[in-house]
2 protein chains.
Amino acid sequence: MSNHSDAANKKVCVLLVDDDHDVLGANARYLRLNDLTVVVADQAGTAIERLRADPVDIVVTDLRMPDCDGIEFARQVREITPLLPIVFFSGFATVPEIVEAMKLGAVDFLEKPVEPDHLLGKIRSVSASFRSAIALQRQALDISDTTVPLRKRVRAYEKYVIESCLLQHNGRISCVLETLDINRRTLNEKMNRLGIVRNPV
Amino acid sequence: MSNHSDAANKKVCVLLVDDDHDVLGANARYLRLNDLTVVVADQAGTAIERLRADPVDIVVTDLRMPDCDGIEFARQVREITPLLPIVFFSGFATVPEIVEAMKLGAVDFLEKPVEPDHLLGKIRSVSASFRSAIALQRQALDISDTTVPLRKRVRAYEKYVIESCLLQHNGRISCVLETLDINRRTLNEKMNRLGIVRNPV
DNA sequence: GCGATGTAGGCAATTTATTGCCTATAATCG
DNA sequence: CGATTATAGGCAATAAATTGCCTACATCGC
């Protein structure tokens with residue numbers, strides 16, 4: 001679908017999550033008309049599956065979902081892809097929810113109802129300007145108040161470092177070995193353990 | 001006094017901005033009792049003056065102020081000190097306000113009324129993470145040129161997480177154990193390995 | 001003083017991670 | 001085609017981290 005190998009004419013691929021089927025359908029249609037690839041899901045579980053199945057460039061999700069709250073969903077997304085930009089929208093959001101979402105690296109927070117056109121603009125600007133140092137920094141440095149095992153945090157951090165490094169060197173393992181000053185066998189083991197997928201260069 | 005190390009001796013300096021004099025006074029008193037230096041201001045203009053006059057380590061401000069809104073204030077702060085951590089609090093904040101505040105680099109957003117104790121914990125954790133943030137940033141996020149071993153990065157990150165957590169819970173080991181979901185012996189070992197000093201509570 | 005609480009650390013068993021050696025599999029080049 | 005390069009992974013030795021058990025020490029309230 002969204003083949004990452006050809007940067008020039010690659011379509012931006014959006015994972016759109018909303019439990020309201022009408023809104024979901026309408027937005028998806030509008031985005032597709034505007035030359036985006038759209039993967040839809042009407043709940044968090046499905047969205048995570050889709051995410052595992054197919055790499056996307058940005059996640060746009062409702063904060064309120066029937067099967068799982070958006071913050072928890074964002075955490076799961078972060079475990080799979082620590083770098084993926086997430087845009088939230090919601091009709092009723094509390095202050096801690098918004099703050100937590102932003103800390104989890106949300107790039108924006110829209111209020112319902114979301115204008116399709118506004119959404120499109122947001123997606124375009126985000127996918128264009130993503131990879132701001134601040135976003136990465138926040139994500140890596142954030143310490144939340146909640147109970148998150150140190151083990152888990154360290155794993156997430158390690159994954160993030162390795163993935164960033166991979167991205168930076170276009171998936172060239174030998175460069176990562178050198179940059180991170182690490183034994184090849186160790187890197188292999190870590191990537192397996194952390195579930196880092198090797199995308200073909 | 002004499003039982004503190006050099007690093008611990010340096011008091012954290014807080015710029016506290018609130019137009020409610022009673023709350024301002026009460027919070028300032030509480031923070032001072034807990035060994036922080038507090039500079040107060042009851043409006044944005046004065047706060048900016050204070051900021052220019054005297055370097056502070058963290059700004060804690062109301063979002064609503066008589067002479068200027070908090071977002072505009074944060075912009076002015078950013079012009080003077082682009083990296084200074086800002087914590088907002090407010091009773092009525094809109095979604096765009098919170099999002100904008102977080103984008104301007106707010107490190108947190110508290111809801112009024114703010115518990116003095118909660119505020120203290122927040123300030124300590126923020127100033128701690130900020131202190132190590134620069135070092136960590138160099139090691140962890142400056143992926144580009146230098147070869148920084150993954151090992152070293154992970155160590156720095158672990159140290160940073162533990163230290164922040166310690167500060168956030170005012171040095172109470174048992175809380176850290178719970179928050180980080182870690183065995184006591186393991187934490188002890190890690191702290192020794194990473195050279196984390198236990199400052200007396 | 002005495003017991004309760006919170007903490008540190010020695011020791012040793014166990015688990016987990018690292019890594020060298022060797023082989024295998026693609027892909028690419030000449 | 002064969003040689004070269006880049007990579008993955010099995011196996012096993014070794015190194016390091018985790019953690020339970022036990023002891024010790026300080027502090028605090030009674």
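Reminder, nothing fancy here: chain letters follow the sequence lines and each chain counts from 1.
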Q: Which side-chain N or O atoms in residues 16-24 of chain B pair as donor and acceptor under 3.5 Å with protein atoms at least two apart or in another chain?
A:
from	atom 1	to	atom 2	distance (Å)
Asp18(B)	OD1	Asp20(B)	N	3.0
Asp20(B)	OD1	Asp22(B)	N	3.0
Asp20(B)	OD1	Val23(B)	N	3.3
His21(B)	NE2	Asp42(B)	OD2	3.0

Q: Measure the distance from CG on Leu150(A) to C1' on dT19(D) and round it to the nearest whole Å.
A: 15 Å

Q: Please pick, from dA8(D), dT7(D), dT19(D), the nucleotide with the shortest atom-to-atom distance to any side-chain atom of Arg172(A).
A: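 Of all the options, the side chain of Arg172(A) is nearest to dT7(D).
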
Q: List in chain and number order the residues that pass side chain to side chain contact (heavy atoms under 4.5 Å, CB included) with Glu49(A), two or more places apart in sequence or in another chain; answer none if no residue qualifies.
A: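 Side chain to side chain contact (heavy atoms under 4.5 Å, CB included) list for Glu49(A), sorted by chain: empty.
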
Q: Tell me: CZ of Arg193(B) to C1' of dA15(D), nearest whole Å?
A: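 Computing the Arg193(B):CZ to dA15(D):C1' distance gives 12 Å.
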
Q: Can you check whether any acceptor in the base of dA8(D) is under 3.5 Å from a donor in the side chain of Arg184(A), or vice versa?
A: yes

Q: I want to confirm an ordering. Mapping Cys175(B) and Arg185(A) to their closest nucleotides on DNA chain C, which one lands closer to the 5' end?
A: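 The residue closer to the strand's 5' end, by nearest nucleotide, is Cys175(B).
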
Q: Ignoring hydrogens and angles, tell me if any N or O in the side chain of Arg155(B) forms a donor-acceptor pair with the backbone of Leu194(B) under 3.5 Å.
A: no

Q: With heavy-atom distances below 4.5 Å as the criterion, would you say the side chains of Ile182(A) and Lys190(A) are in contact?
A: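 Answer yes - side chains close enough.
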
Q: Closest approach of Ser90(B) and Arg64(B), non-hydrogen atoms and distance?
A: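 Result for this residue pair: OG-CG, 4.1 Å.
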
Q: Can you tell me if the side-chain N/O atoms of Asn192(A) get under 4.0 Å from OP1 or OP2 in dG9(D)?
A: yes

Q: Ser174(B) near the nucleic acid: base, sugar-phosphate alone, or nothing, with a heavy-atom cut-off under 4.0 Å?
A: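 If one applies the 4.0 Å heavy-atom cut-off, Ser174(B) turns out to touch the sugar-phosphate alone, with no base involved.
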
Q: Can you tell me how far P of dT19(D) sits from CG of Leu177(B), to the nearest Å?
A: 12 Å

Q: Compute the bend angle of the helix from dG1(C)-dC30(D) to dG30(C)-dC1(D) from the end axes (five pairs per end), rounded to 10°.
A: 30°

Q: Taking only the side-chain nitrogens and oxygens of Asn183(B), find out if one of them lies under 4.0 Å from OP1 or OP2 of dT18(D).
A: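 Answer no for this pair, as no side-chain N or O of Asn183(B) is under 4.0 Å from OP1 or OP2.
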
Q: Of all nucleotides in DNA chain C with an atom under 4.0 Å from a non-hydrogen atom of chain A, which is the first and which the last going 5' to 3'?
A: dA17(C) to dC21(C)

Q: Any donor-acceptor pair under 3.5 Å linking the side chain of Glu72(A) with the backbone of Asp69(A)?
A: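 It does not hold such a pair.
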
Q: Can you name the residues that form a ring pair (Phe, Tyr, Trp, His ring centres under 6.0 Å) with Phe109(B), not counting sequence neighbours?
A: Phe88(B)

Q: Hey, does the side chain of Arg184(B) reach the backbone of Leu177(B) with a donor-acceptor pair shorter than 3.5 angstrom?
A: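 No, Arg184(B) side chain to Leu177(B) backbone: no donor-acceptor pair under 3.5 Å.
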
Q: Take the protein atom CG of Leu187(B) and the nucleotide atom P of dA17(D), then report the distance between them rounded to whole Å.
A: 15 Å

Q: Sequence neighbours left out, what passes side-chain hydrogen bond (donor to acceptor under 3.5 Å, both in side chains) with Asn34(B)? Give chain and number order.
A: none

